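Here's the structure we're looking at; comments come further down.
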Amino acid sequence: MSTVFNFTFVPWFRAVAPYIHKFRHQTFVVGVPGEAIAAGKLPNLVQDLALIQSMGVRVVLVHGFRPQVDEQLRAKGHAARFHSGIRITDPVALDCAQEAAGQLRFEIEAAFSMGLPNTPMAGAKVRVISGNFITARPVGIVDGVDFQHSGLVRKVDVAGIKGALDMGALVLLSPFGFSLTGEAFNLTMEEVATSVAVALQADKLIFVTEIPGIRVRPFDPPGEDNPIDTELSLADAQAILAQAPTPTQPTEPAFYLQHCVRACLGGVERSHIIPFAVDGSLLLEVYVHDGIGTMVVDEKLENLREATPDDVGGILQLIEPFERDGTLVKRSRTEIERDIANYTIIEHDGVIFGCAALYPYPEAKTGEMAALTVAPQAQGQGDGERLLKRIEQRARLMGLQSIFVLTTRTMHWFLKRGFQPVSPDWLPEARKRKYNWDRRSQVLVKRLS
Ligand SMILES: CC(C)(COP(=O)(O)OP(=O)(O)OC[C@H]1O[C@@H](n2cnc3c(N)ncnc32)[C@H](O)[C@@H]1OP(=O)(O)O)[C@@H](O)C(=O)NCCC(=O)NCCS
C-alpha cells in the first residue's frame with residue numbers, strides 16, 4: 001500500500017468521523033424529483049442513501065414523478081396541464097400518476113434490493129417500507145381553476161413512519177395521498193417531503209435537485225463571481241422569496257427554497273438544496289464542512305462561545321493530531337476538564353472546529369493563550385483570528401494588559417497579528433518554572449490596548 005494513501009485516507013476518515021457520530025439516530029427526509037431518476041441517477045443515489053442509512057441515519061425518501069407522468073400522458077395523447085406550477089389532475093392524469101408512481105416505487109425498491117456487488121454497500125441489505133402514511137385533501141378550486149385530483153397533505157401518520165424507522169427500515173413515500181373517503185390525490189414531492197419533515201421534526205430536509213443550490217446573487221447568471229451560497233439564514237432566504245416571482249419551474253431559485261423556508265419555520269433546523277448532477281452530492285453535503293449545495297438554517301450555525309464540560313471530547317479530538325505531531329504540548333483529558341472554563345470554541349453544525357484557552361497570571365497582569373487550534377479542513381477562513389480576538393476580549397475583561405503565546409512552529413502567524421518576540425525570562429515567575437527549555441519554544445507577547 002502506498003504511504004501517500006495513508007496520508008490522505010487517515011486524515012480524511014478522521015475528518016468525517018465527527019459527522020458520523022453526530023448524525024447517528026438523526027432523521028433525514030430526502031426529496032428526489034422524478035427528473036433525477038429520468039437522468040439515470042437512481043443507482044448512485046440509492047448507494048449513497050444506503051450508505052448514510054448504514055451509518056445510523058433514519059432515512060425517509062420521497063420521490064417525485066413529474067417527467068414520468070408527462071411521459072405517460074404523452075403516450076396516451078393527453079396534454080399535461082398546469083396552473084401556478086401545480087398540475088391539474090384530471091381522471092386521465094390521475095391514472096397516469098398512479099401508473100408512474102407504481103413503476104417508480106418498483107424501480108426504487110428493486111435498486112435497494114440489489115446485492116450491489118462491487119459497490120460500497122456490498123453485502124448490505126436495506127429494508128424498504130412504503131405505505132398509506134399520508135392523508136390528503138383536494139387543492140380545490142383556486143382562482144376559478146378546478147385542480148380536480150390534485151391534493152395537499154392533510155395529515156402525516158407520524159407514529160406509522162416512526163414505527164417503520166424504528167424497525168431499521170428506510171421509508172419510501174410516493175407523492176400520493178388518500179382522503180378519508182378513499183379517494184386518491186396527486187401531491188407534489190416537495191409538499192410531501194416538507195410536510196413529513198415538519199411532522200417528524202426531522203433533523204434535515206434535503207432536496208436533490210436539478211439546480212446546484214442558491215447563488216450568492218440568486219437572480220444573476222452563474223459564474224465564478226457568483227458562486228453557490230453554502231449557508232443561507234432563514235431571514236436571507238425569506239428576503240430572496242420576497243423578491244422572486246411565484247416559481248413555476250424547478251430550475252427557478254424560489255422553487256425549492258419556498259419549501260426549505262416552510263420547513264425551517266416548521267421547526268426543521270436545516271434544509272438543503274443540492275444538485276443531482278454531481279455524483280455523491282448527498283455525501284458531500286452531509287459529511288463535509290461547507291457542503292456542496294445550499295443549506296437554509298434558522299441562524300448562522302457557526303458559533304463562537306465559551307466551552308462547557310460537554311465540549312471536552314470534541315476539544316480532545318481536535319487538538320490530538322497537533323499534539324501527536326508536536327505542534328501543541330500534550331494535555332490530558334483531566335487537565336482539559338479541570339480548565340474547561342478557560343476555553344473558547346468555534347462550532348459549526350454542532351461539531352467543534354476551533355478552540356483556544358486563556359490562562360491568566362493576574363499578578364503579572366498577563367495571560368497565556370494556549371491550545372489555539374483550527375481543524376485542518378476549516379483553516380484559512382479567519383477562525384484562528386476570531387478565536388484570538390475573543391481571547392483578547394476575555395483578557396481585557398479580566399484587566400490583563402497583555403497576552404502571550406509559546407510557539408515552535410506558528411511564529412509568523414502571531415507576528416502578523418501584533419505579537420512580538422521576547423526572551424523566556426520575560427514570563428511570569430509561575431510560568432517560567434514550567435517553561436520547557438528543551439522544547440525551546442519562542443515566547444511572543446501582544447500588548448492589549
Ligand atoms: C494557527 C492556526 C490556529 C490558524 O488558524 P486559521 O483559522 O487558519 O487562521 P486564519 O484563517 O485566521 O489565518 C489564516 C492565515 O494564517 C496563515 N497561517 C496558517 N498557519 C500558519 C503558520 N503555521 N505560520 C504562519 N502562517 C500561518 C495562513 O497561510 C493564512 O494566511 P493568509 O491570511 O495570508 O492567507 C491554525 O493554522 C492551526 O490550528 N494550526 C495548528 C495548531 C497551531 O499551530 N497552533 C498554534 C499553537 S501556538
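What you see is a predicted model; the values in this text were computed from it and never measured. By convention here, the first residue in the shown sequence is residue 1. Atoms within a ligand are numbered from 1 in the order they appear, just like the ligands themselves. FYI, side chains are in, hydrogens and waters are out, and symmetry mates aren't considered; it's all heavy atoms of this structure.
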With Arg417 as the cation and Trp413 as the aromatic partner, state whether NZ or CZ is under 6.0 Å from the six-membered ring centre and within 45° of the axis.
yes

Measure the spacing between CD of Glu231 and CE of Met295 and express it to the nearest 0.5 Å.
4.5 Å

Would you check whether Leu406 has a nitrogen or oxygen atom less than 3.5 angstrom from a nitrogen or oxygen atom of ligand 1?
no

With nothing but distance in play, are any N or O atoms of Thr410 less than 3.5 Å from an N or O of ligand 1?
yes

Kindly state if atom 35 (O) of ligand 1 has a protein heavy atom within a strict 4.0 Å cut-off, that is, under 4.0 Å?
no

Ligand 1 atoms in contact with Thr407 (distance to a heavy atom under 4.0 Å):
48 (S)

Proximity winner for atom 15 (C) of ligand 1, if only heavy atoms of Arg417, Gln381, Gln379 are counted
Arg417

Between Phe404 and Phe419, is the gap from one ring center to the other below 6.0 Å?
no

Backbone, side chain, both or neither: what part of Thr327 comes under 4.0 angstrom of ligand 1, heavy atoms only?
side chain

Give a yes or no on this: more than 12 heavy atoms of other residues, nucleotides or ligands lie within 6.0 Å of atom NZ of Lys155.
no

Report the part of Arg386 (side chain from C-beta onward, or backbone N, CA, C, O) that has a heavy atom under 4.0 Å from ligand 1; answer both or neither where that applies.
neither

Using a distance-only test with no angle check, is there a side-chain donor-acceptor pair under 3.5 angstrom linking Thr408 and Ser441?
no

Taking distance alone, with N or O pairs closer than 3.5 Å, would you say Ala378 contacts ligand 1?
no

May I ask you to check whether over 12 heavy atoms, not counting those of Lys22, lie within 6.0 Å of atom NZ?
yes

Short N or O distance, Val374 and ligand 1, threshold 3.5 Å exclusive
yes

Proximal candidate to atom 24 (N) of ligand 1 [heavy atom criterion; set Trp413, Phe353, Phe322]
Trp413

SG of Cys355 to CG of Leu387: how many Å apart, nearest 0.5 Å?
7.5 Å

Return yes when at least one protein heavy atom is under 4.0 Å from atom 2 (C) of ligand 1, and no when none is.
no

With Thr209 via side chain to side chain donor-acceptor pair (under 3.5 Å) - residues at least two apart:
none

Heavy atoms of the protein only: does one fall short of 4.0 Å from atom 47 (C) of ligand 1?
yes

Can a protein heavy atom be found under 4.0 Å away from atom 6 (P) of ligand 1?
yes

Geometry only, no angles: is Glu385 polar-contacting ligand 1 at N/O separations under 3.5 Å?
yes

If you count every heavy atom of other residues, nucleotides or ligands that lies below 6.0 Å from Arg440 atom CZ, does the total exceed 12?
no

Close approach, Lys416 and ligand 1, non-hydrogen under 4.0 angstrom:
yes

What's the spacing between Leu42 CG and Leu104 CG if we round to 0.5 Å?
8.5 Å

How about atom 41 (C) of ligand 1: does it have a protein heavy atom within less than 4.0 Å?
yes

Closest non-hydrogen protein atom to atom 8 (O) of ligand 1, residue and atom name please, with distance?
Gly380 N, 2.7 Å

List every atom of ligand 1 that sits less than 4.0 Å from any heavy atom of Thr373, numbering the atoms from 1 in the order shown and giving each element.
39 (O)

Does the side chain to side chain donor-acceptor pair (under 3.5 Å) test come out yes or no for His272 and Glu285, once each step is laid out?
CA-CA 8 Å; His272 305 248; Glu285 181 71 8; 2.7 Å; yes

For Arg409, counting its heavy atoms only, list the atoms of ligand 1 lying under 4.0 Å from any of them.
23 (N)

Determine, step by step, whether Glu252 and Thr248 satisfy the side chain to side chain donor-acceptor pair (under 3.5 Å) criterion, reporting the C-alpha distance in whole Å, the side-chain angles of both residues, the deciding distance to 0.1 Å, and the verdict.
CA-CA 8 Å; Glu252 291 175 48; Thr248 56; 3.3 Å; yes

Report the nearest protein non-hydrogen atom to atom 45 (N) of ligand 1: residue, atom name, distance rounded to 0.1 Å.
Leu372 O, 2.7 Å

If the condition is side-chain contact (heavy atoms from CB on, under 4.5 Å), which residues does Glu337 pass it with, not counting sequence neighbours?
Val312, Arg333

Just need the protein heavy atom nearest to atom 11 (O) of ligand 1, so name the residue and atom and give the distance.
Gly382 N, 2.6 Å

